[in-house]
Amino acid sequence: MRVRVATPLLLVALSAVAGCSEAPRVYETSVEVRRFSVVRRDEERKPVTADVEVSYADCPGTQYEVVRGNRAFTECFQQHKVGERVPLRLEHYRGREGRFEWVVKAIGGCDRPPDPNDEVSFSVVEECSDLVVHGARVGFHCSRIPEKELVQKCPWFRRY
Amino acid sequence: MTPRRGSGEGLTTRARTLRLLSALALLACVVLALAALLPRRAGAEAPPSREPSARGPAARVRITSAAAPAASAPTSDAPGDETPASFGSAVLEGSGGVPMQKRGDFRSPFANPGWEGPVANVKVGLLLTRLHSYDIKEGTYSADFQLSLVSDRPMPAMNLAVQNGNADDIEVLAATPTFKLYRIKGTFFSPVDLHDYPFDTQELRIELEDEAAGVDQLRLVPDQEHTHLDVDFQVPGWDVAYEEARTKLHYYPDRFEGDDLYYSQYVYKLGIRRFATSAAFTVYVPAVVIVLISLMGLWLPRSLLEVRANAGAPMLAAAVLFHFALMQELPATGYLTRADKMMVAVYVSLCLNMLSSWAWFVLPPKYEDQIFRLGRALVPPVTVVIMLIGAFA
């Protein structure tokens, strides 16, 4: 009797623990470079940090991200040009606030080690559509919660 | 034969006292529940207060620019006289009344047929940098944002005014005839929608409209490419669900004869959604725990009636207090929120549970065992169904 009760309870508990400690996943995709800006230089005018703005062109909606990288990343990325399509590798994991987050690990073959104190990198994930009233366009509406179609095609945008 | 404890004629004084106390406890709970619900429902008859939307100096704060062209700037013929320049072309018919325009598309004296050239199409961009102090009970919040106005031709004198609140601080960062940039801090109001509470999404609005220029001079157009949230923008406790910007041609109910001028109004909306996990733990988990504890009493036989009773009435009191605490955070509504429906399900479940105990006093003693067994067999599944209905209704 005890086994009959305890086994399902144990399974439920294990499932819960397994669900909460989901392992990070690595995804690779292709992005378009929209901007490359050196933001900090050393005394010899050599770049120290740079921002790379990329858009996830293969994903539905408007998704773009500004990623700041260190000296090695900056030097490496200078070989790429704005408008070029480059590979991007990212890690998708469950964040501290209970939501899924992602961090870019490499762009265009250049490793980008994340810095936990980085407060300037950001991403915009939105799907916009025209707001039409009585047949007239009066504005726009941008959903910030990823739709099913977006998550199916680009699963790293899943937040919950 | 020894009379069975609690049987109809053989009730002991102690059992009678217990019965009386149970009845009193239930009565107190019901009174408490009514007392908790009544003030809110009474308040529900009055709609939430809203900032006055009428065009009047008290409701608006001007966002004016010194560098703006003076084509339609207010004139000041006499001290305290703020009659718009367009009134100069309005004609007074007869000996009194409202002067009216004889040229142009609008009769209103606020229309400006003298405005040269086509209407200025002004693209409105907005960068929301901070939103804080959101009070869902009042529907108020403070926001800091930057507003850009870019037009294809010189704009008229801009007198943008906040329609749904007050601009507390306005800083002009740029002001040329075709480009203006403001930094604005203000307090705003939006009506709240609590139908889905605690899984609700609220819409926070910023409404701007020019105080003087009608659509014969100025048309505002939302600029999608330049409408954003700042980096790391967040509203504590809430998730950003959507952004929306639109313009509408605002027509005021006639304030005077010939009041036919439309005004272009820009409306920015930020949809914020309450974090679901937090909502579930705040509302649903305590409610379910209260019901579960009360259900445990069903496994106690009649000989332990006092203990069994303690799993019912106190839980009802706990539910009422919990519901009362929830309602303190919300404004009056004319409808039931999802949390209200859940709490109604909790009340029904608790009453059902208590009825299963009272049945011993109402029905003949020969049914004692059947009542005990039926209570255990029927009440839990019925409770589950009631709670599910309460959760998803």
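Everything numeric here is computed off the predicted structure, so don't read it as measured data. Chain naming here is simple, since letters A, B, ... match the order of the sequence lines and numbering starts at 1 in each.
Distance check, rounded to the nearest 0.5 Å: SG of C142(A) to NZ of K269(B) gives 13.5 Å.
Atom CD of Q78(A) is surrounded by more than 12 heavy atoms from other residues, nucleotides or ligands within 6.0 Å. Surrounding CZ of F281(B) are at most 12 heavy atoms belonging to other residues, nucleotides or ligands under 6.0 Å away. Residue R40(A) qualifies as open at atom CZ: its count of foreign heavy atoms under 6.0 Å is 12 or below. Counted within 6.0 Å of CZ on R25(A), heavy atoms from surrounding residues, nucleotides or ligands total 12 or fewer; the atom is thus considered open. Taking a 6.0 Å sphere around NZ of K123(B), one finds it holds 12 or fewer heavy atoms contributed by other residues, nucleotides or ligands. More than 12 non-hydrogen atoms from other residues, nucleotides or ligands lie less than 6.0 angstrom from CZ of R158(A).
In this structure, chain B has no heavy atom under 4.5 Å from any part of V66(A). The contact between D223(B) and chain A is made entirely by backbone atoms, counting heavy-atom distances below 4.5 Å. Only the side chain of L131(A) comes within contact range of chain B, with at least one heavy atom under 4.5 Å from a heavy atom of that chain. Residue contact with chain A, scored on non-hydrogen atoms closer than 4.5 Å, involves the backbone and the side chain of L229(B) alike. For a residue to count as touching a neighbouring chain, one of its non-hydrogen atoms must lie under 4.5 Å from one of that chain's; by this rule F275(B) touches chain A with the side chain only. Neither the backbone nor the side chain of T277(B) comes within contact range of chain A; no heavy atom of the residue lies under 4.5 Å from a heavy atom of that chain. Only the side chain of E126(A) comes within less than 4.5 Å of a heavy atom of chain B; its backbone N, CA, C and O stay farther away.
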| query | So R246(B) and V133(A), side chain to side chain contact (heavy atoms under 4.5 Å, CB included) or not? Walk me through it. | reply | CA-CA 10 Å; R246(B) 62 180 292 179; V133(A) 178; 3.6 Å; yes
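Annotation for V120(A) and V231(B): closest pair O-CG1, 4.1 Å, computed over non-hydrogen atoms. Taking both residues in full, the closest heavy atoms of F140(A) and E244(B) are given as O-CG, 3.2 Å, listed atom of the first, atom of the second, then distance. Shortest non-hydrogen contact noted between P222(B) and G139(A) is CG-CA, 3.9 Å. Closest approach of R159(A) and V240(B) over heavy atoms only: NH2-O, 3.8 Å.
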